[in-house]
K.L.:
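One structure, as structure tokens, below. Some questions next.
On a predicted model such as this, the values are computed, not experimentally measured, just so you know. Any value given below was found using the heavy atoms of this structure, including those in side chains, with hydrogens, waters and symmetry copies removed.
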Amino acid sequence: MKIIFYLSSIVFLFKELQWLLAPMKEVEKSKKREKLLESTKNIKYDLLSKEQKNGIMTMIILFIFIFGWMFVGLFTFQWQIFLSFLLLQFIIIAPISKLFKYSFAYTALHWINSLVAFCFILFTIINSYHLKIDIDFINYFR
């Protein structure tokens with residue numbers, strides 16, 4: 001089971017690498033997804049076109065996969081790292097992203113966020129198989 005978790009980590013590592021190498025392309029994809037969600041907001045699922053259904057289902061599956069991976073990460077010995085990354089995403093990145101919607105600052109913020117996420121994922125993989133550092137924030141401050 002551990003190998004499956006860290007293989008999925010490698011998939012997310014490559015996704016973050018896409019953001020690092022082509023941030024403008026990823027922002028355009030984000031705009032496209034938001035337009036798709038806005039255009040289908042008040043329409044029943046059965047009345048949507050096949051392309052719209054595929055786009056929505058892809059977003060839902062990716063969302064479940066990413067947050068499922070983060071949730072499982074909370075049950076590993078590296079749970080403090082996963083918790084701090086989740087807090088970073090929800091407390092800092094999400095509100096600032098809403099402020100600078102699709103501007104240069106938005107792109108820069110998400111590029112930096114992808115750099116942090118890339119380092120985070122790489123560290124969790126290397127720490128699990130090689131370093132085995134038990135990060136214990138709670139006992140550190142006592």
K.L.:
If we only count heavy atoms from C-beta on, is the Leu62 to Thr58 side-chain gap below 4.5 Å?
P.N.:
yes

K.L.:
Residues two or more places apart in sequence or in another chain: which of them pass salt bridge (charged side-chain N to carboxylate O under 4.0 Å, His left out) with Lys53?
P.N.:
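Checked Lys53 against salt bridge (charged side-chain N to carboxylate O under 4.0 Å, His left out); zero matches.
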
K.L.:
What's the separation between atom CD1 in Ile92 and atom CD1 in Ile96, rounded to the nearest 0.5 Å?
P.N.:
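Ile92 CD1 to Ile96 CD1: 6.5 Å, rounded to 0.5 Å.
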
K.L.:
Cationic tip of Lys132 within the cone over Phe77's six-membered ring, i.e. under 6.0 Å and within 45° of the normal?
P.N.:
no

K.L.:
Quick one: do Tyr6 and Leu13 satisfy side chain to side chain contact (heavy atoms under 4.5 Å, CB included)? Show the steps, please.
P.N.:
CA-CA 10 Å; Tyr6 288 106; Leu13 194 68; over 6 Å; no

K.L.:
Got a sec: does the CZ of Phe63 have more than 12 other heavy atoms crowding it under 6.0 Å?
P.N.:
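No, CZ of Phe63 has 12 or fewer neighbouring heavy atoms, counting only those of other groups under 6.0 Å.
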
K.L.:
Where the side chain of Ser30 meets the backbone of Glu26, is there a donor-acceptor pair that is under 3.5 Å apart?
P.N.:
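Flag set: sc Ser30 to bb Glu26 pair under 3.5 Å.
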
K.L.:
Are Tyr106 and Met24 connected in the hydrophobic side-chain network, where two residues link if heavy atoms are under 4.5 Å apart?
P.N.:
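Different clusters: Tyr106 never reaches Met24 through Ile, Leu, Val, Met, Phe, Trp or Tyr contacts under 4.5 Å.
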
K.L.:
In terms of ring plane angle, is the pair Phe75 and Phe71 parallel, tilted or perpendicular, where the classes change at 30° and 60°?
P.N.:
perpendicular

K.L.:
Mind listing the closest non-hydrogen atom pair of Leu20 and Trp111 along with its distance?
P.N.:
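Smallest interatomic distance, heavy atoms only, reads O-NE1, 3.0 Å.
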
K.L.:
Working to the nearest 0.5 angstrom, can you tell me the gap between Leu86 CG and Leu83 CG?
P.N.:
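CG of Leu83 is found 6.5 Å from CG of Leu86.
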
K.L.:
Could you tell me which non-hydrogen atom of Phe82 sits nearest to which non-hydrogen atom of Leu74, and how far apart they are?
P.N.:
CB-CD2, 3.9 Å

K.L.:
Taking the side chain as C-beta and beyond, is there a heavy-atom pair between Asn113 and Trp19 under 4.5 Å?
P.N.:
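A side-chain contact under 4.5 Å is absent here.
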
K.L.:
Would a 4.5 Å heavy-atom cut-off, applied to side chains only, mark Lys35 and Glu38 as touching?
P.N.:
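No, too far: nothing below the 4.5 Å cut-off.
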
K.L.:
Find the distance between CG (Leu131) and CD1 (Ile125) and round it off to the nearest 0.5 Å.
P.N.:
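Going from CG on Leu131 over to CD1 on Ile125, the span is 12.0 Å.
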
K.L.:
Glu34: which residues meet the side-chain hydrogen bond (donor to acceptor under 3.5 Å, both in side chains) condition with it, sequence neighbours left out?
P.N.:
Lys101, Tyr102

K.L.:
Would you call Lys31 and Glu28 a salt bridge, taking side-chain N to carboxylate O under 4.0 Å as the test?
P.N.:
yes

K.L.:
Please lay out, stage by stage, how Phe12 and Met70 fare under the test side chain to side chain contact (heavy atoms under 4.5 Å, CB included).
P.N.:
CA-CA 11 Å; Phe12 292 127; Met70 291 296 281; over 6 Å; no

K.L.:
Any idea which heavy atoms bring Leu109 and Ser97 closest together, and the distance?
P.N.:
CD2-OG, 3.6 Å

K.L.:
Membership question, hydrophobic clusters at under 4.5 Å side-chain separation (ILVMFWY): are Leu47 and Ile60 in the same one?
P.N.:
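Per the 4.5 Å side-chain linkage, Ile60 and Leu47 are co-clustered.
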
K.L.:
Is the Phe120 ring parallel, tilted or perpendicular to the Trp69 ring (thresholds 30°, 60°)?
P.N.:
perpendicular

K.L.:
If you count every heavy atom of other residues, nucleotides or ligands that lies below 6.0 Å from Lys2 atom NZ, does the total exceed 12?
P.N.:
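It does: Lys2 NZ has more than 12 such atoms within range.
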
K.L.:
Less than 6.0 Å separating the ring centroids of Phe104 and Phe100?
P.N.:
no

K.L.:
Between CG of Leu37 and CD1 of Ile56, what distance do you get to the nearest 0.5 Å?
P.N.:
6.0 Å

K.L.:
Considering all heavy atoms of both residues, which atom of Val116 and which atom of Leu88 are nearest to each other, and what is their separation?
P.N.:
CG1-CD2, 4.0 Å

K.L.:
Which value, rounded to the nearest 0.5 Å, describes the distance between Phe118 atom CZ and Phe14 atom CZ?
P.N.:
8.0 Å

K.L.:
State whether the side chain of Thr40 and the backbone N or O of Ile43 hold a donor-acceptor pair below 3.5 Å, judged by distance alone.
P.N.:
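Between the backbone of Ile43 and the side chain of Thr40 there is no qualifying donor-acceptor contact (under 3.5 Å).
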
K.L.:
Once you round to the nearest 0.5 Å, how far does CD1 of Ile10 lie from CG of Leu17?
P.N.:
13.0 Å

K.L.:
Would you say Thr124's side chain and Ile121's backbone share a donor-acceptor pair under 3.5 angstrom?
P.N.:
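Flag set: sc Thr124 to bb Ile121 pair under 3.5 Å.
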
K.L.:
For residues Ile66 and Lys15, determine if any side-chain heavy atom of one lies less than 4.5 Å from a side-chain heavy atom of the other.
P.N.:
no

K.L.:
Between Ile61 and Val11, is there shared hydrophobic-cluster membership here, with clusters defined by ILVMFWY side-chain heavy atoms closer than 4.5 Å?
P.N.:
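Different clusters: Ile61 never reaches Val11 through Ile, Leu, Val, Met, Phe, Trp or Tyr contacts under 4.5 Å.
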
K.L.:
Are the side chains of Tyr129 and Ile3 in contact, using a 4.5 Å heavy-atom criterion?
P.N.:
yes

